[in-house]
Amino acid sequence: MAIEQGPPTADNPWPVALLGVKLRDWIDRLGTAWVEGEITQWNVAGGNVYGKLKDVEIDATVSFSIWSSVRSRVPADLKQGDRVVAAVKPNYWVKGGSLTMQVVEMKHVGLGDLLERLERLRRTLGEEGLFDPSRKKRLPFLPHRIGLITGKDSDAEKDVKRNAQLRWPQVEFRTIHTAVQGERTVGEVTAAILELDADPSVDVIIVARGGGDFQNLLGFSDEGLVRAAAAASTPIVSAIGHEADRPILDEVADLRASTPTDAAKRVVPDVAEELANVRQARARLGLRLSHTLSVEADRIAALRSRPALASTAWLVDTRAEEVARDLSRARELLDRRLERSHADVGHLTARLRALSPRDTLRRGYAIVQTTDGGVVRGAEDLSGATPVHVTLGAGTATGTLEPDGPGPDGA
């Protein structure tokens, strides 16, 4: 049956086969393209290889196939996790409706290319200050809980935990198992760093792996993973264990350990060693204190041997003599004051007596007063027989007076 190739409409649609043929023809015109990625799946069946190739930076994957006729032209050591460049030709299978990439040629990414890219990233991060020693955080002296990121049932996990608990049995771990090579490494390790950093009970984070070849460690130089480690507020220890080509994580971490065992020893103090240090410190402190006390005792003894402090009686005797002198002077001054006051009183008494009417009365005069206290100065002060009170030079008397005539002045 002839396939109608006019423009498709709702009234005149294309058959599925026509759409498939057009897609195949259009895809065939793309030709061969070189792509770079990481092998995330590698399955061999019937001499052919069926796999997947993932972008090294973003989440994008394509399927590929290597026919047995081409397989002899690709490296025999290719495997999952390898980073490769491949010449692929898109192929759309009309019957199955699937798109695959037929590999024409495939090879490992050149080591020089990878190193150049890593070096560019290293320079960029260095210029941003992520490697600056001043930004590296100090590890806690005695971590209560350690966050551990490592492969499940790995030797790295066993080494870290065994050595840490030998040094300080009370140390605790919160372990997150992740992939440590391959396509899942970056995502899982990054997520584990974020999770442990958000846990307030975790005092320090160790990222551990037991070494490996250069390509297997590429995930630990991923920019996203490295930036997540740099942004963490919890101190991070990198224990990847690769000396020749150090992953960039080693540069960003707050501490780089050469091996997982070294990480445990540098993060957890040795209880026996610390107790020995405490004993030595106490001994030094005791000696220093004894020396100080001895020096001060000698100084006090020297002060006490001085005449001023040899005998305390001199202080009392000196004060007693001063008190006696002051008391004698006070008595002398008091006697003088009393004598002067006594003389003053005598003078005042004599003056008072000179002014007093009593001396006049003693010469024979008297003071006559009526009963109401008025002084009788003349006969005119009397009205008939008047009771009077007479004050004499010695004693008093009472009586009655009558006027007998005018006074001596003839009034």
Side-chain angles (χ1 to χ4, degrees), residues 1-111 113-114 117 151-152 177-191 213 215-216 218-219 222-225:
M1 180 182 65
I3 298 179
E4 177 60 41
Q5 296 188 10
T9 63
D11 297 328
N12 187 28
W14 283 353
V16 172
L18 178 58
L19 176 62
V21 169
K22 287 185 174 291
L23 286 174
R24 182 193 62 193
D25 294 344
W26 185 84
I27 291 173
D28 284 343
R29 290 198 295 270
L30 294 178
T32 302
W34 283 94
V35 295
E36 178 183 350
E38 180 184 342
I39 298 175
T40 59
Q41 184 175 318
W42 184 272
N43 297 321
V44 180
N48 302 320
V49 177
Y50 303 93
K52 290 186 177 180
L53 197 63
K54 180 181 179 297
D55 190 278
V56 296
E57 294 184 358
I58 63 176
D59 189 12
T61 304
V62 296
S63 299
F64 68 85
S65 57
I66 305 176
W67 305 128
S68 56
S69 59
V70 178
R71 189 178 175 189
S72 61
R73 299 199 299 269
V74 302
D77 60 346
L78 287 175
K79 61 184 182 303
Q80 181 176 331
D82 287 353
R83 193 164 176 176
V84 297
V85 290
V88 297
K89 183 179 184 303
N91 179 40
Y92 183 77
W93 184 33
V94 176
K95 183 176 180 180
S98 60
L99 175 67
T100 61
M101 301 294 169
Q102 294 183 6
V103 175
V104 178
E105 185 177 351
M106 180 179 286
K107 60 182 179 179
H108 291 289
V109 172
L111 183 59
D113 294 337
L114 289 176
R117 294 177 188 177
K152 186 176 182 180
H177 296 121
T178 65
V180 291
Q181 70 179 48
E183 64 173 340
R184 296 185 295 113
T185 300
V186 174
E188 293 184 5
V189 173
T190 302
D213 60 45
Q215 289 194 353
N216 289 338
L218 286 176
D222 178 81
E223 183 175 0
L225 186 151

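What you see is a predicted model, and the numbers here were worked out from it, not measured in a lab.
Shown here are the side-chain contact (heavy atoms from CB on, under 4.5 Å) partners of Asp77, two or more places apart in sequence or in another chain: Pro75, His108. Residues passing the side-chain contact (heavy atoms from CB on, under 4.5 Å) test with Glu36, sequence neighbours excluded: Arg83, Val85, Val109, Arg117. A search for side-chain contact (heavy atoms from CB on, under 4.5 Å) contacts involving Ala60 returns Asp55, Ile58, not counting sequence neighbours.
Ring geometry for Trp42 against Phe64 counts as tilted: the plane angle lies between 30° and 60°, on a 0 to 90° scale.
Looking at Asp82, its side chain does come within 3.5 Å of a backbone N or O of Lys79 through a donor-acceptor pair. Not a single donor-acceptor pair under 3.5 Å links the side chain of Asn43 to the backbone N or O of Gly51. With hydrogens and angles disregarded, a donor-acceptor distance shorter than 3.5 Å links the side chain of Asp222 to the backbone of Gly224.
Closest of all the heavy-atom pairs between Leu78 and Val84 is CD2-CG1, 3.6 Å. In this structure, Thr9 and Asn12 approach most closely via the heavy-atom pair OG1-N, 2.8 Å. Shortest non-hydrogen contact noted between Leu99 and Ile27 is CD1-CD1, 3.8 Å. When all heavy atoms are compared, the tightest approach of Gly31 to Pro90 is O-CD, 3.2 Å. Taking both residues in full, the closest heavy atoms of Trp14 and Pro7 are given as NE1-C, 4.1 Å, listed atom of the first, atom of the second, then distance. Taking both residues in full, the closest heavy atoms of Val44 and Arg71 are given as CG1-NH1, 3.3 Å, listed atom of the first, atom of the second, then distance.
Note that the CH2 atom of Trp67 and the CZ atom of Arg73 stand 13.5 Å from one another [nearest 0.5 Å]. Taking OG1 of Thr100 as the start and OH of Tyr92 as the end, the distance is 11.0 Å to the nearest 0.5 Å. One finds the CG atom of Leu53 at 7.0 Å from the OG1 atom of Thr40 (value rounded to the nearest 0.5 Å). For the atom pair Asp59 CG and Thr61 OG1, the distance stands at 6.0 Å (nearest 0.5 Å). Summarising the geometry, atom CE belonging to Met101 is positioned 13.0 Å from atom NZ belonging to Lys52; distances are rounded to the nearest 0.5 Å. Remark: Gln102 CD to Thr32 OG1 distance equals 9.5 Å, nearest 0.5 Å.
None of Ile39, Val70, Val35, Val88 except one satisfies the side chain to side chain contact (heavy atoms under 4.5 Å, CB included) rule with Met106; the exception is Ile39.
Residues Trp34 and Glu105 are in side-chain contact: their nearest non-hydrogen atoms beyond the backbone lie under 4.5 Å apart.
Counted within 6.0 Å of NZ on Lys89, heavy atoms from surrounding residues, nucleotides or ligands total more than 12; the atom is thus considered enclosed.
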